[in-house]
2 protein chains.
Amino acid sequence: MGTTQLESVPEPKYWHLKTVIGEALDSDFTVGEILPNERDLAARFGVARATLRQALEQLELEGRLQRRRGVGTTVAPPRMGVDVSTSQHEWPGSDTDAWQAAECTVAVPPVAVARMLDTDADEATHTVRRVRMIHGQPVAAELLFVPAASVPALPAIDAPSGPALARVVLRELQRLGLEGQDRAVELGSARADDARELDRLPGAPVLVVTTRYFAEGRTAAVSVATYRADTCRLTFGDLGDLQISHHDQERRAS
Amino acid sequence: MGTTQLESVPEPKYWHLKTVIGEALDSDFTVGEILPNERDLAARFGVARATLRQALEQLELEGRLQRRRGVGTTVAPPRMGVDVSTSQHEWPGSDTDAWQAAECTVAVPPVAVARMLDTDADEATHTVRRVRMIHGQPVAAELLFVPAASVPALPAIDAPSGPALARVVLRELQRLGLEGQDRAVELGSARADDARELDRLPGAPVLVVTTRYFAEGRTAAVSVATYRADTCRLTFGDLGDLQISHHDQERRAS
């Protein structure tokens, strides 16, 4: 299609181009296929490379395309439904938990986390780093902040380091009676360390889920989990098995 | 700072630049202030404009910057906590509802929605368009799909059009006994019509919340709501009053 047709559309050029490429993905490409390079694609659709790049970014936001290190841009599979509404009565690290403890350090948490935990701004907490795997692929990286007050017996334990220490912290945490939890979801960009775990470039769009765990009348732990926004759809309840994607809706509505 | 310093960092250049600009936002700018143009900023930080643009995109993803039509790039206020966990026993349009019904049409829903509603692929449903306002600002746009089977008395009602018709559909829907609801959250890009309502450019990152409403043993209605990802943090429970932002975490961790 030529540029003339694109120019007659009142919406931004990249927006219309996005729809056109989206249709081409459905008809001419299969999941996992590598897209031609930007120069060839720009020529094929008769647009400037800047316009093409904007359209590809849209399709990446919508989970239709994936950019992968050393591979290029590929056609993405449908997003996975990932349940984040764990039982109100389960601590992190319980038997049914989908997370793997990777390490444990003692560090001063971010200001916002310290505020939630009601700890002093310069007070260090146990910080458990965990990864959530689905079908052998990492889908999320988590930092779980546990103040010393929530695991009072810990200093007396001759704790090993790394994953073993992480498991001890989680086990001690489970001694507290969990009273409830709440959650917030927001858009973020992957920190360098999370990006490495998630096999993404630093700055890739992620969904940040912050969970507060309440016990003994206070916030006993805070989890900040970073989910891959390209491959995950976060579910609350049992929507997980159903496919709903924004681009389907759009294609039908337009 | 010169390019030499940036080049010595193993992470991508834009990533380090993002941190540097983030710190400058804290120290040299106030909320709502308009940033200098890209050429001046690139010169100030001694980087190429492409690198600068990538860093600004990161900061936009994290909610630190806002790009506004005809205004330019401004320093964003902290994100608002927006509660999306409505009571399990309330239909859309109940008295405590934060949404304003804008119009109602009859249209064939997207394929994914038809699948959830178990309607035929070409069966039209009532489609109520609503907007959610907070402090006079639109934060979300919604399409609520209500199949004819969920509002059986409707054809007999001499319904007006527009917002009044939308209210009649919601009122009829409330006659059903609500059995529960579930929800999914994923990243998307704003459709042209949603973007207009939300005062954003088409393609802006949004958080898409899909809610299924169950009644009489089936899915009686489906809502697809598009929240501004730049200004909203979606809360489940009562986290709404607390400030947690990814960039705080990162600044502290680095």
Side-chain angles (χ1 to χ4, degrees), chain A residues 11-12 14-15 18 54 57-58 61-63 79 81 85 107-113 115-116 143 180-189 191-193 201-203 205 207-208 210 212 224 229-230 232-240 242-254, chain B residues 11-12 14-15 18 54 57-58 61-63 79 81 85 107-113 115-116 143 180-189 191-193 201-203 205 207-208 210 212 224 226 229-230 232-240 242-253:
Chain A
E11 287 163 7
Y14 66 85
W15 184 253
K18 189 210 76 170
Q54 282 181 295
E57 276 166 20
Q58 299 300 319
L61 270 187
E62 293 173 18
R79 285 177 172 155
S85 62
V108 176
V111 177
V113 171
R115 211 176 295 140
M116 284 191 276
L143 291 179
Q181 41 185 280
D182 63 16
R183 229 166 240 105
V185 179
E186 65 187 307
L187 180 62
S189 65
R191 289 203 322 267
D193 53 348
L201 289 173
L207 295 169
V208 181
T210 304
R212 295 194 299 187
V224 179
D230 56 337
C232 297
R233 190 180 66 253
L234 308 183
T235 66
F236 298 80
D238 61 341
L239 257 175
L242 281 166
Q243 297 299 338
I244 166 81
S245 88
H246 201 50
H247 83 88
D248 275 347
Q249 180 200 352
E250 176 193 324
R251 216 184 312 151
R252 203 56 177 272
S254 64
Chain B
E11 287 164 6
Y14 65 84
W15 183 253
K18 189 211 76 168
Q54 281 181 295
E57 276 166 21
Q58 299 300 321
L61 270 188
E62 294 174 16
R79 284 179 173 155
S85 61
V108 175
V111 178
V113 171
R115 211 176 296 141
M116 284 190 274
L143 290 179
Q181 42 185 279
D182 63 17
R183 227 166 242 104
V185 179
E186 65 187 308
L187 180 61
S189 66
R191 289 204 321 267
D193 53 349
L201 289 174
L207 296 169
V208 181
T210 304
R212 294 194 297 186
V224 179
T226 299
D230 55 338
C232 295
R233 191 179 65 253
L234 308 184
T235 66
F236 298 80
D238 61 341
L239 257 176
L242 282 166
Q243 297 300 339
I244 166 79
S245 87
H246 201 51
H247 80 88
D248 274 348
Q249 180 200 352
E250 174 192 326
R251 220 183 311 151
R252 203 56 177 271

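The structure displayed is predicted, hence computed values, not measured ones. Naming convention: chains lettered A, B, ... in sequence-line order (proteins, then strands); numbering from 1 in each chain.
Side-chain contact between B:Asp182 and A:Thr235: absent, with no pair of heavy atoms (C-beta onward) separated by less than 4.5 Å. You'll find the side chain of A:Leu207 reaches within 4.5 Å of the side chain of B:Leu207, heavy atoms only.
Here the closest heavy-atom approach between residue B:Pro202 and residue A:Tyr14 is recorded as O-OH, 2.8 Å. The shortest heavy-atom contact between A:Val185 and B:Phe236 is CG2-CE1, 3.7 Å.
Note: A:Ser189 OG to B:Lys18 NZ = 4.0 Å, rounded to the nearest 0.5 Å. Taken to the nearest 0.5 Å, the CZ atom of A:Arg233 stands 8.0 Å off from the OG1 atom of B:Thr210.
Interface remark: B:Leu61 contributes backbone and side-chain atoms alike to the contact with chain A (heavy atom separation under 4.5 Å).
When the candidates B:Cys232, B:Pro205, B:Ala107 are compared by the number of heavy-atom contacts under 4.5 Å with chain A, B:Pro205 comes out ahead.
Listed for the B:Arg79 side chain is no donor-acceptor partner under 3.5 Å among the backbone atoms of A:Glu186.
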